[in-house]
Amino acid sequence: MSDDDTDSTAEPRREDRDFDVDLDEVVLDEGDDEESTGLFDDLLSGEPIFENKEVLRPSYTPHELPHRKEQINKMATILVAALRGETPSNILIYGKTGTGKTASAKFVSQELESTSQRYDVPCEVEYINCEVTDTQYRVLAQLANKFIEENEQYIDGRIEELEALLEDVEEQRPSEVLPETEFDSTDAVEERIAQLEADREEFEEVPMTGWPTDRVYSVFFDAVDYHERVVVIMLDEIDKLVEKSGDDTLYNLSRMNSELQNSRVSIIGISNDLKFTDFLDPRVKSSLGEEEIVFPPYDANQLRDILQHRADVAFKSEALTDDVIPLCAAFAAQEHGDARRALDLLRTAGELAERDQAESVDEAHVRKAQDKIELDRVVEVVRTLPTQSKLVLFAIISLEKNGVHNINTGEVYNIYKRLCEEIDADVLTQRRVTDLISELDMLGIVNAVVVSKGRYGRTKEISLSVPIDETEAVLLSDSRLGDIDDVQPFVQARFDN
DNA sequence: CATCCACAGGAACTTGGGGGCA
DNA sequence: TGCCCCCAAGTTCCTGTGGATG
């Protein structure tokens with residue numbers, strides 16, 4: 001469902017990053033428009049490099065996950081309990097971005113669900129990405145709505161069965177058919193159908209907001225408990241949830257089992273952060289961490305394997321020169337063994353080669369891809385920043401442009417205030433601005449270190465960690481910041497003081 | 001060695017906008 | 001309509017602090 005397009009285990013990456021590829025492609029038609037035909041012919045005639053680009057996209061879930069057999073088997077051994085109708089232990093999965101946590105977990109849960117259908121054991125897996133759904137209310141609401149949907153399907157299924165049963169009864173004698181079922185008369189069957197229909201009417205969709213949380217919880221609880229089954233709740237990026245809204249959600253989920261009548265709940269938590277359990281209530285911690293599985297980063301050799309696997313499908317044969325895959329693997333291995341990054345790199349390199357109408361992808365394309373990915377990321381992050389953060393960033397850039405290095409909070413705040421007045425924006429307090437600076441730091445746009453300068457106080461030393469001109473251009477393209485004429489006077493004023 | 005700067009950053013609170021419900 | 005809830009962003013008030021300086 002909608003999960004697949006939000007499955008990123010990585011940093012915020014709100015949209016697909018292809019948006020600016022289109023921009024570049026538009027530029028292509030400036031040069032060669034002598035003929036009205038030929039625009040696309042040229043592009044088509046070049047031997048295409050890709051055979052099937054889809055398998056390189058982050059959203060693609062492979063059928064095979066090299067070098068993850070051990071972890072997958074461990075998950076499977078824990079989860080078979082569900083197929084025996086028992087409650088599986090809760091699982092905590094650790095691993096950095098791009099180590100295949102989500103892919104493996106999704107793979108296992110797909111297998112689990114399909115096996116459970118074959119053996120006719122009621123078992124369901126629900127996936128929630130806590131980076132998107134990051135409050136207790138939203139998690140519960142989303143789960144409640146999913147289970148309500150499930151229940152409606154379940155009821156429809158039951159009603160169908162029962163109606164078929166009634167038909168059988170009409171054809172044969174009730175005494176021959178009914179004894180094999182739980183019913184002793186056709187009336188009882190009809191009653192049950194009416195009951196089910198009434199139940200279905202009672203299900204109430206949980207609204208996005210408005211209800212008290214405990215009401216959402218009880219709707220969710222009833223929905224889960226409606227019929228017998230084992231429910232596995234998969235919480236991706238669980239550390240984000242704990243960070244933002246505490247461990248109440250996890251506490252509620254983990255104590256559910258003791259109150260459920262018909263069903264059993266088991267939780268799979270997926271985390272980037274090894275230490276996030278430190279903030280948990282000890283009870284939650286012990287119940288959640290019954291089983292722990294660690295996904296170590298891939299090393300360069302493993303990455304090479306993975307890339308090779310996919311490249312065989314993704315590219316035409318001979319489309320890659322020999323050093324492309326090792327190089328992609330090496331770059332990604334430097335980024336804590338991030339397979340997603342490696343695949344991104346390979347795909348982007350291929351796209352660049354395609355655009356150059358090159359015969360094959362070579363080392364230079366990979367290096368260009370490396371730069372492009374980083375720049376795209378920065379552009380996207382900066383572009384989608386809230387106005388206030390943009391102003392703060394702009395203040396930092398202005399200082400940097402005027403040769404001020406090791407900028408401190410006070411300086412940023414002063415420039416920021418002037419910028420706000422200039423474009424008639426609300427001026428935030430310094431307290432808030434320090435938070436905004438910290439956020440920029442976490443996004444990797446600036447680098448902020450707290451230093452003590454003795455008598456001259458304690459402050460953050462801030463420096464820009466992205467290309468200055470490109471970033472400035474992105475900021476100025478914002479409709480509100482576009483009005484700023486020249487920053488010199490502001491910064492100059494600083495020196496006058 | 002104490003002092004004291006210039007903030008960092010935690011906690012509680014407010015504001016305003018999403019909504020439900022009787 | 002008035003009262004309830006949830007949430008993000010922001011404010012107010014506050015205590016804490018590393019180390020050059022007097």
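Basis for what follows: all heavy atoms, side chains included, without hydrogens, waters or symmetry-related copies. Here is the naming used below: chain letters follow the sequence lines, and residue numbers restart at 1 for every chain.
Side-chain N/O atoms of A/R455 include none lying less than 4.0 angstrom from OP1 or OP2 on C/dT21. Between A/K460 and B/dG9 there is a side-chain polar atom (N or O) within less than 4.0 angstrom of OP1 or OP2. For A/K244, a side-chain nitrogen or oxygen approaches OP1 or OP2 of C/dA8 to under 4.0 Å. Taking side-chain N and O atoms only, A/T409 has a distance below 4.0 Å to OP1 or OP2 of B/dA8.
Rounded to an integer number of Å, the gap from CD of A/Q136 to P of C/dC6 is 9 Å. Atom-to-atom, CG of A/L241 to P of C/dC7 comes out at 11 Å; the value is rounded to the nearest Å. A/L428 has its CG atom 9 Å from the C1' atom of C/dA9, to the nearest Å. The distance between atom CG of A/D426 and atom P of B/dG16, rounded to the nearest whole Å, is 11 Å. Rounded to an integer number of Å, the gap from A/E439 CD to B/dA8 C1' is 15 Å. Spacing between atom CG of A/D435 and atom P of C/dG10 amounts to 10 Å, rounded to whole angstrom units. The CD1-P distance, from A/I407 to B/dC7, rounds to 13 Å in whole Å. The separation between A/N408 atom CG and B/dC5 atom P is 16 Å, rounded to whole Å.
Minimum interatomic distance between A/Y298 and A/A339 (heavy atoms only, all atoms of both residues): CE1-CB, 3.6 Å.
Heavy-atom distances under 4.0 Å link DNA chain B to A/P207, A/T209, A/G210, A/W211 of residues 206-213 of chain A, given in residue order.
Of the listed nucleotides (C/dG10, B/dA8, C/dC6), C/dC6 has the atom at the smallest distance from the side chain of A/Y137. Nearest nucleotide to the A/D134 side chain, out of C/dG10, B/dA8, C/dA8: C/dA8. Nearest nucleotide to the side chain of A/T135, out of C/dA20, B/dC21, C/dA8: C/dA8.
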Worked check of side-chain contact (heavy atoms from CB on, under 4.5 Å) between A/K372 and A/K368: CA-CA 6 Å; A/K372 177 171 156 49; A/K368 267 204 301 194; over 6 Å; no
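One finds no salt bridge joining A/K240 and A/E243 here, because no Lys/Arg side-chain nitrogen approaches an Asp/Glu carboxylate oxygen to under 4.0 Å. In summary, A/E351 and A/R347 engage in a salt bridge, as defined by a charged side-chain N under 4.0 Å from a carboxylate O. At a threshold of 4.0 Å, the pair A/E124-A/K146 does not count as salt-bridged, since none of the basic side-chain nitrogens sits closer than that to a carboxylate oxygen.
The backbone N or O of A/N90 lies less than 3.5 Å from a partner atom in the side chain of A/E290, making a donor-acceptor pair.
Side-chain contact annotation: A/Q71 with A/S104, donor-acceptor N/O pair under 3.5 Å absent.
Side-chain to base pairing of A/R458 with C/dT17: one donor and one acceptor N or O lie within less than 3.5 Å of each other. Contact annotation: side chain of A/R431 to base of C/dG10, donor-acceptor pair absent below 3.5 Å.
For residues 396-446 of chain A, the ring-ring contact (aromatic ring centres under 6.0 Å, His included) pairs, not counting sequence neighbours, are A/Y413-A/Y416.
Nucleic acid contact class of A/V449 (heavy atoms, under 4.0 Å, all strands): none.
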